[in-house]
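Note that the structure is predicted; figures quoted are calculated from it, not measured. We name chains A, B, ... by the order of the sequence lines, and we start the count at 1 in each one.
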Amino acid sequence: MSGDHSHSEDQVDGGPRFSDSQKHKDKFKKEHKHKDHKKEKEREKSKHGNSDHKDFSDKKHKDKEKMKHKDGSTDKYKDKYKEKRKEEKIKSFDCKVKLEKENGFDSPLHLKSEPENIFHSPKNDKSLKRERDDDDYEIKPKKIKTENDKKAKKRKPQVEDIKTVKTKNKKGEMPDGKKKAKKEPEEKWKWWEEERYTDGVKWKFLEHKGPVFAPPYEPLPSNVRFYYDGKPMVLSADAEEVATFFAKMLDHEYTTKDVFRKNFFKDWRKEMTPEEKAKITDLKKCDFSEMHQYFKAQTEARKAMTKEEKLKIKEENERILQQFGFCIMDNHKERIANFRIEPPGLFRGRGDHPKMGMLKRRIRPEDIIINCSKDSKYPEPPPGTRWKEVRHDNKVTWLVSWTENIQGSIKYIMLNPSSRIKGEKDWQKYETARRLKKCVDRIRNQYREDWKSKEMRIRQRAVALYFIDKLALRAGNEKEEGETADTVGCCSLRVEHIKLYPEIDGQEYVVEFDFLGKDSIRYYNKVPVEKRVFKNLQLFMENKEPDDDLFDRLNTSILNKHLQELMDGLTAKVFRTYNASITLQAQLKELTSEEENIPAKILSYNRANRAVAILCNHQRAPPKTFEKSMQNLQTKIDAKKEQLSAAKRELKGAKADAKVRKDEKSKKAVESKKKAVQRIEDQLMKLEVQATDREENKQIALGTSKLNYLDPRISVAWCKKWGIPIEKIYNKTQREKFAWAIDMAEKDYEF
DNA sequence: CTAAAAACTTAGCACTGACAGG
DNA sequence: CCTGTCAGTGCTAAGTTTTTAG
């Protein structure tokens, strides 16, 4: 019954597309809609049967092959792991895995001889295979390891040229070690040369010290007062603490926002004693200015501290870092990302957030769930307290979790990006994107076909996928209304977010997007699309209100299910990764020119990076000092130009002089003047490049794409190819995160 | 299954300390 | 020396995807 009904609704051709019942539904709550989707989806599935599954047989084969490989070669590993377990119990941090031996034998591969002909040579096949294929969550073939290692060793000296200079100072000439008793293993652990866990196990051993709690509240000195209705009033400790949160933010804009004030006041009152509650009924009558002043003074005082005091604080932080900032996971000491519990305060949502100003409550040990090995030494809760729970779940990666009170979501303490567990995942992400590269043509053809489908839901799916692919939009999960800011992604686009122009600015079939995406960052774009897409959009928008969903027959779970059928591991966000990385690679190829010097090459890199950031809509507020700093730079450039022409004049003079005198001394003078000119030219060039770069970067944030979307091996390969020191591209943190890529990518790496 | 919860990635901004320039 | 600037980093919100529970 309902099946027939909705089937007719599904038809694209003929008659009004949205029957009354559809419209009705749209006005209803979202949940209703979803149920309908799901039903339809179900029906679809059974109708279509398994035509899609053919594609997979191949993959399964591959998997099997890999398994074989694994079984044939892992015994050594197993032993090694056993060893490790033992060692863990002894808790020695620096026991080294004995991998080296395995790298001892020579690989027949000749590295030097593969520069050209990258694409089809069998050698290249090898190097491709060496990259992990990712759906084999298991092993990388041994051989590879060997190759990698050898190469790595050969390469190191070159790569580290610059580094060595720096490190010498640090390591060599600082025997006292600045108190940083760093007992890190001398050689960095190359987890990427090791076997990975299968079957969802994330670790076998995990030991840590638990979280660091926010410092307890320190009551204000009695001379700092709060006034209500013009009269001083002493607050209870709890009420006072919350009041200080507000007082600290006083010169921030959102303390003027209604929603913020309302939420704050409501939550504040919850912390008050009945007496306070009875008295304090109007936020407008509250005067926090004395408190505000006090905190400002505190900040000043902190700035004005002596070096010794600052050093002391620094040392204390370092001590805490050493004590709590690391864990032992499977025999290796790993850095924890966020070992400090988020302190209490007022929630600052982004954009127009309905919950802004709410009290984010203090987290106590009783809220904390600890996750660690059974056979590890459990972290101690602070004296007189206890953990909510200690569990031993090695199917997850977190060490500590608690439930946050604003959204009721769970927060986690996890490892640093440089850790094995994050790195492997990251690597895997790029491998999935590379697999998409291999079948993206097929998928594109498919969705183009689907634009013609007679089923509405298929068409919507296909158009949405087209946007995700072409524009790198996010998937766009539906969100609960009133819980978060009103932002959308692809699947949750509403009619009001796009405008259609059959013709504009000399282009046909233009779609104008204007909506708020993640973090309430505006996405604005005018793009010409294919005619069929355009027609489809018109169809989707027919008879809808502005606030109706554009893709009313689609959500992220439908879309992702579809994608999963097209390629194993494929989800919407893989397209972002894929398109970002492939764009970087293409742009680098296009923009880098042989003869440019290093700064110019780096400008090219940044431009390539920028192309990606624009694609992904990674924006930033222009720095507050932007105009000024631009001006400063211009001044410098002008000065440098002056200097250059002066130097040129001098050179001319010297030349003339040398012509006359013809002695050694004057020749030398010419040489040195020449060098001076050259040097100044370089400097000028550098400044100009810097200016260009900065100007172009005004509202674009490069960091996000660099960190999350660009296969680091592309950048590493580029650096190696052009002899650019990796430090010019990645700072220290980034180098740590991408250590795997820096170690393994060769100059001919191809995404 | 399907919704909700959990897990994990991605995101911009505020703060800070090192360092360049006066 | 002091001051301003800016890159680097910490923070935590806000997404997506995966897993679980009902």
Of the nucleotides dA11(B), dG15(C), dC8(B), which has the atom closest to the K479(A) side chain? dG15(C)
Among dG10(C), dT10(B), dA7(B), the one nearest R335(A) by side-chain distance: dG10(C)
Quick check on E642(A): does its CD atom have over 12 non-hydrogen neighbours (other residues, nucleotides or ligands) under 6.0 Å away? no
Side-chain atoms of K202(A) come closest, of dT10(B), dA6(B), dC8(B), to dC8(B)
Identify whether any heavy atom of T484(A) sits under 4.0 Å from a base atom; if not, whether one sits that close to sugar-phosphate; answer base, sugar-phosphate or nothing. nothing
CG of L710(A) versus C1' of dT9(B): gap in Å, rounded? 15 Å
Contact class for I521(A) (heavy atom, under 4.0 Å): base, sugar-phosphate, or nothing? sugar-phosphate
For the residue pair E315(A) and N317(A), confirm or rule out a side-chain donor-acceptor distance under 3.5 Å. no
Please work out which of the three classes, parallel, tilted or perpendicular, describes the rings of F513(A) and F467(A), given edges at 30° and 60°. perpendicular
Identify whether any heavy atom of A572(A) sits under 4.0 Å from a base atom; if not, whether one sits that close to sugar-phosphate; answer base, sugar-phosphate or nothing. sugar-phosphate
Please pick, from dA7(B), dA13(C), dT16(C), the nucleotide with the shortest atom-to-atom distance to any side-chain atom of V396(A). dA7(B)
Assess whether one donor atom and one acceptor atom, taken from the side chain of K518(A) and the base of dT10(B), lie less than 3.5 Å apart. yes
With a non-hydrogen cut-off below 4.0 angstrom, is N477(A) in contact with a base, only sugar-phosphate, or nothing? base
Scan Q619(A) against the nucleic acid and name what it touches under 4.0 Å (heavy atoms): base, sugar-phosphate only, or nothing. sugar-phosphate
Checking ring-ring contact (aromatic ring centres under 6.0 Å, His included) for the pair F339(A)/F324(A): CA distance, chi angles, key distance, verdict? CA-CA 7 Å; F339(A) 56 91; F324(A) 293 95; 7.2 Å; no
For K422(A) and R302(A), take the nucleotide of DNA chain B holding the closest heavy atom to each; which residue's nucleotide lies nearer the 5' end? K422(A)
What's P343(A) touching, base or sugar-phosphate or nothing? Going by heavy atoms closer than 4.0 Å. sugar-phosphate
Students often get this wrong, so: under 4.0 angstrom with heavy atoms, is R576(A) touching a base, only sugar-phosphate, or nothing? sugar-phosphate
Just to confirm, is there a sub-4.0 Å distance from OP1 or OP2 of dA13(C) to any side-chain nitrogen or oxygen of K411(A)? yes
Using a heavy-atom cut-off of under 4.0 Å over every strand shown, decide if R474(A) touches base, sugar-phosphate, or nothing. sugar-phosphate
Categorize K360(A) for me: base, sugar-phosphate, or nothing, with a 4.0 angstrom heavy-atom threshold over every strand shown. sugar-phosphate
If you only use heavy atoms from C-beta on, which nucleotide in dT12(C), dC8(B), dA11(B) is closest to the side chain of Y709(A)? dA11(B)
Check whether any side-chain nitrogen or oxygen of T571(A) sits under 4.0 Å from OP1 or OP2 of dT17(C), and answer yes or no. yes
Classify the nucleic acid contact of T733(A) as base, sugar-phosphate or nothing, counting any heavy atom under 4.0 Å across all strands shown. sugar-phosphate
Choosing from dA11(B), dC11(C), dA18(B), which nucleotide comes nearest the side chain of K314(A)? dA18(B)
Between P on dC15(B) and NZ on K296(A), what's the gap in Å once rounded to a whole number? 13 Å
At under 4.0 Å between heavy atoms, what does S409(A) touch on the DNA or RNA strands: base, sugar-phosphate, or nothing? nothing
In this structure, are over 12 heavy atoms from other groups packed under 6.0 Å from K310(A) atom NZ? yes
Consider side chain to side chain donor-acceptor pair (under 3.5 Å). Of R435(A), R434(A), Q428(A), K429(A), which one does E431(A) pass it with? R434(A)
5' precedence on DNA chain C between E404(A) and Q734(A) (nearest-nucleotide basis): Q734(A)
Touch class at under 4.0 angstrom, heavy-atom based, for F347(A) against every strand present: sugar-phosphate
Mind calculating the distance between CD1 (I369(A)) and P (dA7(B)) to the nearest angstrom? 8 Å
Among dA18(B), dA14(C), dC8(B), the one nearest H353(A) by side-chain distance: dA14(C)
Assert: residue with more 5' nearest nucleotide on DNA chain B, out of K395(A) and R350(A), is K395(A)
What does G476(A) touch in the nucleic acid at a heavy-atom separation under 4.0 angstrom: a base, only the sugar-phosphate, or nothing? sugar-phosphate
With D367(A) as reference, evaluate K388(A), R361(A), R362(A) under the side chain to side chain donor-acceptor pair (under 3.5 Å) test and give the passing residue. R361(A)
Rounded to whole Å, the CD-C1' distance (E318(A) to dT16(B)) equals 16 Å
Between N560(A) and dT17(C), is there a side-chain N or O to OP1/OP2 distance below 4.0 Å? yes
Verify the contact: side-chain N or O of T397(A) to OP1 or OP2 of dA7(B), cut-off strictly under 4.0 Å; return yes or no. no
Can you figure out which of dG8(C), dG12(B), dA13(C) approaches the side chain of N731(A) most closely? dG8(C)
NZ of K573(A) versus P of dA7(B): gap in Å, rounded? 17 Å
Please step through side chain to side chain donor-acceptor pair (under 3.5 Å) for the pair N525(A) and Y523(A), ending with a clear verdict. CA-CA 7 Å; N525(A) 201 358; Y523(A) 183 93; 2.9 Å; yes
Grab the CD-C1' distance between Q699(A) and dG12(B) for me, whole Å please. 14 Å
Give the rounded distance in Å between these two atoms: CG of L399(A) and C1' of dC8(B). 13 Å
Contact nearer the 5' end of DNA chain C, comparing A337(A) with T487(A): A337(A)
Whole angstroms only, please: what is the CD1-P distance between I410(A) and dT9(B)? 15 Å
Residue R340(A), side-chain heavy atoms: nucleotide from dA11(B), dC11(C), dA7(B) that is nearest: dC11(C)
